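Shown next, in structure tokens, is the structure this report addresses.
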Amino acid sequence: MSSKTTGSITIISEIYNFQTKGEIDIIDLSYPILEFVKKSNISNGKITVFSIGSTGSIVATEFEHGLIRDQKNIIKLLIPEGAGYNHDRIDNNAHSHLRSTLFGSEMSIPIIDHELMLGTWQQVVFLELDVHPRNRRVVFQIMGIVD
Amino acid sequence: MSSKTTGSITIISEIYNFQTKGEIDIIDLSYPILEFVKKSNISNGKITVFSIGSTGSIVATEFEHGLIRDQKNIIKLLIPEGAGYNHDRIDNNAHSHLRSTLFGSEMSIPIIDHELMLGTWQQVVFLELDVHPRNRRVVFQIMGIVD
Amino acid sequence: MSSKTTGSITIISEIYNFQTKGEIDIIDLSYPILEFVKKSNISNGKITVFSIGSTGSIVATEFEHGLIRDQKNIIKLLIPEGAGYNHDRIDNNAHSHLRSTLFGSEMSIPIIDHELMLGTWQQVVFLELDVHPRNRRVVFQIMGIVD
């Protein structure tokens with residue numbers, strides 16, 4: 001599979017809003033991302049998924065029930081809550097920030113010949129790392145060529 | 001070093017296939033990436049390197065023999081194998097998934113005036129985190145301007 | 001908030017130079033990034049921030065004094081210095097490389113209707129992970145449409 005195209009660029013951006021259930025909630029964004037890609041008519045290019053804010057993350061994982069529980073546990077093990085953090089003197093979510101920095105704010109996924117190049121067991125998810133339920137805003141931005 | 005160009009966009013995508021030797025194999029992709037950039041004739045833009053699947057990662061490191069062994073060891077220390085993971089009840093690679101999510105699926109590298117902006121000791125590598133040798137597919141996608 | 005535009009692409013690249021104070025220095029790049037975006041006149045597109053070299057990282061965090069100290073501590077806890085690394089036989093910064101690989105080399109931030117989509121408490125920072133002060137080069141690259 002390979003492709004080469006030249007032309008005008010089309011850029012389509014949208015903010016996807018959703019509600020989380022609190023710490024640590026993991027939300028599968030793959031379906032809204034796929035719908036956004038389909039609706040765009042972009043044949044070749046890429047989509048960037050970017051989390052606005054510093055206590056959430058965008059990562060890829062297989063969205064399997066047991067694995068999602070494992071993800072939650074490993075996040076807690078890697079960066080424990082309330083370990084004498086300085087930021088907790090003025091707030092209560094130092095560990096949320098530290099976890100978000102470690103896991104990252106965004107990812108980009110290529111589109112080739114109208115196909116989003118995710119693997120079958122590779123879902124794009126939002127990690128709610130903050131300590132309470134929140135209304136979240138994630139940018140979906142496609143840059144590419146409409147054929 | 002700075003540049004500004006305006007024009008039609010060219011998007012070139014290819015799937016790079018290779019065989020890994022099993023857990024944990026670290027493969028230097030810098031040479032095929034450089035060849036792809038050269039062949040593209042893109043003067044300014046960027047290349048995105050994206051790993052299809054949820055048990056591999058794309059990261060940057062100096063590709064030095066001792067350091068590569070250190071990378072393998074630290075991956076095992078950060079996320080140990082078989083630590084009672086739920087996903088291991090239906091499969092045997094929970095730790096592979098957890099490691100892939102932590103290290104990430106993709107990276108983008110700018111191209112300026114035909115030069116890929118990697119440092120001298122900064123190589124782009126694929127981390128095989130799954131438990132057996134696999135045939136891997138990594139997307140190389142360049143978006144930019146041909147001068 | 002959503003937008004769709006089609007046209008010629010403009011790509012503007014620059015290398016941002018700065019001096020770090022040594023291990024572990026955390027430098028807020030948000031202001032120079034914002035200035036670069038403003039000056040570009042790009043209305044829609046994205047900026048990629050890429051660190052040249054394998055002992056630094058680009059991440060997002062709230063740039064709060066206490067949290068920055070927490071970030072420094074957690075980096076040291078996740079990957080300790082001098083833990084018998086092979087790379088330390090030929091150099092003294094194995095832990096710098098391992099930390100840089102874990103935290104990543106780059107990130108991209110969308111621009112919509114002339115607005116850089118960072119949250120209020122979401123700053124883009126450079127992590128100096130090497131063992132001595134260095135002169136650093138970070139690529140700012142914008143790809144988008146000028147309206």
Side-chain angles (χ1 to χ4, degrees), chain A residues 6-17 36 39-42 45-58 78-80 83-91 93-108 136-146, chain C residues 1-11 26 42-49 57-75 77-79 99 102-104 106-113 115-125 127 143-145 147:
Chain A
T6 297
S8 292
I9 189 147
T10 293
I11 303 176
I12 309 170
S13 307
E14 182 181 278
I15 297 190
Y16 183 71
N17 291 276
F36 189 66
K39 210 177 52 184
S40 75
N41 287 321
I42 294 287
K46 84 182 75 167
I47 179 165
T48 298
V49 181
F50 178 88
S51 170
I52 301 175
S54 55
T55 54
S57 282
I58 301 293
L78 284 167
I79 298 184
Y85 302 120
N86 297 288
H87 187 66
D88 283 343
R89 293 180 197 167
I90 59 163
D91 207 338
N93 63 353
H95 61 289
S96 312
H97 285 283
L98 299 172
R99 291 168 180 176
S100 171
T101 298
L102 181 62
F103 282 90
S105 300
E106 49 92 36
M107 66 181 291
S108 291
R136 290 294 189 177
R137 298 189 304 146
V138 167
V139 179
F140 294 169
Q141 185 181 62
I142 299 187
M143 293 179 65
I145 289 174
V146 177
Chain C
M1 187 182 233
S2 70
S3 78
K4 178 174 173 172
T5 47
T6 298
S8 293
I9 190 148
T10 293
I11 303 176
I26 301 186
I42 294 287
S43 58
N44 287 280
K46 84 182 76 167
I47 179 164
T48 298
V49 181
S57 282
I58 301 293
V59 295
T61 185
E62 181 181 351
F63 203 80
E64 186 274 315
H65 183 72
L67 184 60
I68 293 303
R69 282 194 286 154
D70 296 333
Q71 295 280 10
K72 293 179 186 186
N73 292 334
I74 204 81
I75 292 168
L77 279 170
L78 284 167
I79 299 183
R99 291 167 180 177
L102 181 62
F103 282 89
E106 49 91 35
M107 65 181 291
S108 292
I109 307 123
I111 300 160
I112 308 180
D113 296 339
E115 191 185 334
L116 187 67
M117 299 308 295
L118 287 171
T120 311
W121 296 282
Q122 183 179 29
Q123 280 74 51
V124 180
V125 303
L127 308 178
M143 293 180 65
I145 288 175
D147 272 351

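Quick caveat: nothing in here was measured; it's all calculated off a predicted structure. Proteins get letters first, then strands, A, B, ... in listed order; numbering begins at 1 in each.
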ask   = chain A: which of C:Ser57, C:Gly119, C:Gly66 shares the most heavy-atom pairs with it under 4.5 Å?
value = C:Gly66
query = If every non-hydrogen atom of A:Ile11 is compared with every non-hydrogen atom of C:Gly45, which pair is closest and at what distance?
reply = CD1-CA, 4.0 Å
ask   = Is a side-chain donor or acceptor of A:Gln141 paired with a backbone partner of C:Ile112 at a separation under 3.5 angstrom?
value = no
note = When rounded to the nearest 0.5 Å, the distance separating NZ of A:Lys46 from OG of C:Ser108 is 7.0 Å
task = Rounded to the nearest 0.5 Å, what's the gap from CG on C:Leu78 to CD1 on A:Ile79? Could you check?
result = 5.5 Å
query = Is there side-chain contact between C:Ile74 and A:Tyr85, with at least one heavy-atom pair below 4.5 Å?
reply = yes
request  = Check each atom of C:Ile145 against the heavy atoms of chain A and say whether the ones under 4.5 Å are side chain, backbone, both or neither.
outcome  = both
request  = Select one option (side chain, backbone, both, neither) describing which atoms of C:Leu77 are under 4.5 Å from chain A's heavy atoms.
outcome  = neither
message = Can you tell me which portion of C:Ile111 sits under 4.5 Å from chain A's heavy atoms? Options are side chain, backbone, both or neither.
response = backbone
ask   = With a 4.5 angstrom heavy-atom cut-off, which part of A:Thr55 approaches chain C: side chain, backbone, both or neither?
value = neither
inquiry  = What I'd like to find out is whether the side chain of A:Ile15 reaches to under 4.5 Å of the side chain of C:Met117, using heavy atoms alone.
reply    = yes
query = What's the shortest heavy-atom distance between C:Asp70 and A:Asn86, and which atoms?
reply = OD1-N, 2.7 Å
inquiry  = What verdict does the side chain to side chain contact (heavy atoms under 4.5 Å, CB included) test give for C:Leu102 and A:Leu102, after you've listed the backbone C-alpha separation in whole Å, the side-chain angles of each residue and the deciding distance to 0.1 Å?
reply    = CA-CA 8 Å; C:Leu102 181 62; A:Leu102 181 62; 3.8 Å; yes
task = Give, for atom OG of A:Ser96 and atom CD of C:Glu62, the distance between the pair rounded to the nearest 0.5 Å.
result = 11.0 Å
From CA spacing to verdict: side chain to side chain contact (heavy atoms under 4.5 Å, CB included), C:Leu67, A:Leu98 = CA-CA 8 Å; C:Leu67 184 60; A:Leu98 299 172; 4.1 Å; yes
C:Ser2 backbone acceptor or donor facing A:Ser13 side chain under 3.5 Å = no
note = If you tally heavy-atom pairs under 4.5 Å between each of C:Gly144, C:Gly104, C:Gly7 and chain A, the highest tally belongs to C:Gly7
request  = Give, as side chain, backbone, both or neither, the part of A:Ser100 having an atom under 4.5 angstrom from any heavy atom of chain C.
outcome  = neither
query = If you measure from CD on C:Gln122 to NE2 on A:His97, what distance do you get to the nearest 0.5 Å?
reply = 10.5 Å
request  = Compare all side-chain heavy atoms of A:Met143 with those of C:Ile9 and state whether any distance is below 4.5 angstrom.
outcome  = yes
request  = Let me know if C:Ser8 has heavy atoms under 4.5 Å from chain A in its side chain, its backbone, both or neither.
outcome  = backbone
message = Once rounded to the nearest 0.5 Å, what's the spacing between atom NE2 of A:His87 and atom CD of C:Gln71?
response = 10.0 Å
request  = Step through the shown structure and confirm whether more than 12 heavy atoms of other residues, nucleotides or ligands are within 6.0 Å of CZ on C:Arg69.
outcome  = yes
inquiry  = Can you tell me which portion of C:Glu64 sits under 4.5 Å from chain A's heavy atoms? Options are side chain, backbone, both or neither.
reply    = side chain
remark   = Rounded to the nearest 0.5 angstrom, the OG-CG distance for A:Ser54 and C:Leu118 is 10.0 Å
